[in-house]
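Labels below follow one simple rule: chain letters A, B, ... track the order of the sequence lines, proteins then strands, and each chain is numbered from 1. The model shown is predicted, which means the values in this text are computed figures rather than measured ones. All values below were derived from every heavy atom in this structure, side-chain atoms included, with hydrogens, water molecules and symmetry-related copies excluded.
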Amino acid sequence: MVAKIWLVTHMDLHRTAKVQSFVRHLKSEVMTWPVDDPGASDATPSTVRREAPPDAPTGARREAGRGHLAMLAFSALIAGSFSLGGQIANDIDPAALNAVRFTIAAVAVYAVLSPGRASARGARCAVAIPPARRPLRGLFRDDVRGAEDRAPGLGLGGVHADAGDERGVRLVLLRQGVSAASRWRWPSGRRGRSG
Amino acid sequence: VIFRADWVAIREFEIGPGEAIFFWGCVAHAAYTPLVRLLNRGEPILAFSFLTLAACAGLLLIWGVREIVATDWAGLRPLVWVTLIYVALIASSTTVFLVQYAAMRLPSSKVMAYTYLTPSWVLIWELALGQPVPPVLVLAGVG
């Protein structure tokens, strides 16, 4: 049986040097693992997946279609501001207009950002984040420090990383009933992108 | 963010000699979409839009404080208020969200290519707004 490994990190940490280095390390290690079932030809022995849903091509096309639709709507809506703006250009100072404009715009978007939406997002998050570490209405990224002390993430396990300003990455691997936890540290003196 | 706001102001009101400012506005505007991709690290688009707009508002409130105080807000034509609400809710909130939504799903060049479509839409809008008895203006309570 081929064991699938899900590498679960916080979205804030995917691109950090330490996580990427760890992925490389893990990939090279996994290559040496024995393949128990040669019959499973469609599955590669070293499967390290990161944010790759099975229907990725179809999903990507649908997302691109939504992007095109959004920009079509954008071009039509922004054009209205030129027509309207041209008619009142001499009635009001542009600085005053735009200052009030962006203030109203920001308030409107803030009103749409409901607390319920933020908590729903938190509930879907693979890493368990206590509510106190989810900042104002989901406006800012979660504080992941301490999250690795919680239960492992999706499925059988995952890598639980410390925040960007710390150096550790903790590996929790639960493979076929055998649990192994180790602490992997980046050599001191070399640091990934912090913050 | 400042340049983006300037770009909007210039495109809408055609103030000043403009060309040099317009050039830098274009440069900043071109950098905007790739930067959205670069700087978004998983935040919801709405949160990203809010912070962009809030920063715009903050800078413009400081930059335009004298003009705001000098403006006779009570004496403005109704069409000015209609335009103000439109550019705030539709041409700022909605479009900033749409651009950032698209920027996360399309290559930046494709996103920016849609701005070439805007002049065609402006023509359609002018046709709709410029007729002898413009239905949109009647709705807006101007006459």
Are the side chains of A:Gln87 and B:Thr83 in contact, using a 4.5 Å heavy-atom criterion?
no
Measuring only between side-chain heavy atoms, which start at C-beta, is A:Phe74 closer than 4.5 Å to B:Thr115?
yes
Highest number of heavy-atom pairs under 4.5 Å with chain A among B:Ala54, B:Ser93, B:Ala103 belongs to B:Ser93
Considering only heavy atoms from C-beta outward, does the side chain of B:Leu98 approach that of A:Met71 to under 4.5 Å?
no
Taking the side chain as every heavy atom from C-beta outward, state whether B:Trp73 and A:Ile92 have any atom pair closer than 4.5 Å.
yes
For chain A, find which of B:Val80, B:Ile68, B:Leu117, B:Leu76 contributes the most heavy-atom pairs closer than 4.5 angstrom.
B:Val80
Side-chain heavy atoms nearer than 4.5 Å, only ILVMFWY residues, links allowed to pass through others: does that put A:Leu69 and B:Trp121 together?
no
Looking only at atom types and distance, does a side-chain atom of B:Trp125 sit under 3.5 Å from a main-chain N or O of A:Leu84, one as donor and one as acceptor?
no
Say whether, by atom type as modelled, one donor and one acceptor occur between the side chain of A:Ser75 and the main chain of B:Thr118 under 3.5 angstrom.
no
Heavy-atom cut-off 4.5 Å, strictly under: side chain, backbone, both or neither for B:Ser120 against chain A?
neither
Which of A:Ala73, A:Ser83, A:Ala70, A:Gly67 touches chain B most, by non-hydrogen pairs under 4.5 Å:
A:Ser83
B:Leu46 side, atom CG; A:Tyr110 side, atom OH - distance, nearest 0.5 Å:
13.0 Å
Under a 4.5 Å side-chain heavy-atom rule over Ile, Leu, Val, Met, Phe, Trp and Tyr, are B:Ile62 and A:Val100 clustered together?
no
Most contacts with chain A, counted as non-hydrogen pairs under 4.5 angstrom, among B:Ala70, B:Gly75, B:Ala88
B:Ala88
Hey, which of A:Ala108, A:Ala64, A:Gly65, A:Gly80 has the most heavy atom pairs under 4.5 Å with chain B?
A:Gly80
To the nearest 0.5 Å, what is the distance between CD1 on A:Ile104 and OG on B:Ser92?
9.0 Å
To the nearest 0.5 angstrom, please state how far the OG1 atom of B:Thr95 sits from the CD1 atom of A:Ile78.
4.0 Å
Please report the closest heavy-atom contact between A:Ser81 and B:Val87, naming both atoms and the distance.
CB-CG1, 3.6 Å
Report yes or no: do B:Val65 and B:Leu60 belong to one cluster of Ile/Leu/Val/Met/Phe/Trp/Tyr joined by side chain heavy-atom distances under 4.5 Å?
no
In this structure, are over 12 heavy atoms from other groups packed under 6.0 Å from A:Asn90 atom CG?
no
Contact origin within B:Leu61 toward chain A - heavy atom pairs under 4.5 Å:
both
Could you give the distance from OG1 (B:Thr71) to CG (A:Leu97), rounded to the nearest 0.5 Å?
9.0 Å
Check for a donor-acceptor pair, side chain of A:Arg101 on one end and backbone N or O of B:Ala91 on the other, with a separation under 3.5 Å.
yes
Treating Ile, Leu, Val, Met, Phe, Trp and Tyr as nodes and any side-chain heavy-atom pair under 4.5 angstrom as an edge, say whether A:Val107 and B:Leu84 lie in one connected cluster.
no
Any non-hydrogen side-chain atom of B:Met104 less than 4.5 Å from a side-chain atom of A:Glu63?
no
A side-chain contact here means heavy atoms from C-beta on lying under 4.5 Å apart; do B:Tyr114 and A:Leu72 qualify?
yes
Looking at chain A, which one of B:Tyr86, B:Tyr101, B:Tyr116, B:Phe97 has the largest number of heavy-atom pairs inside 4.5 Å, strictly under?
B:Tyr86
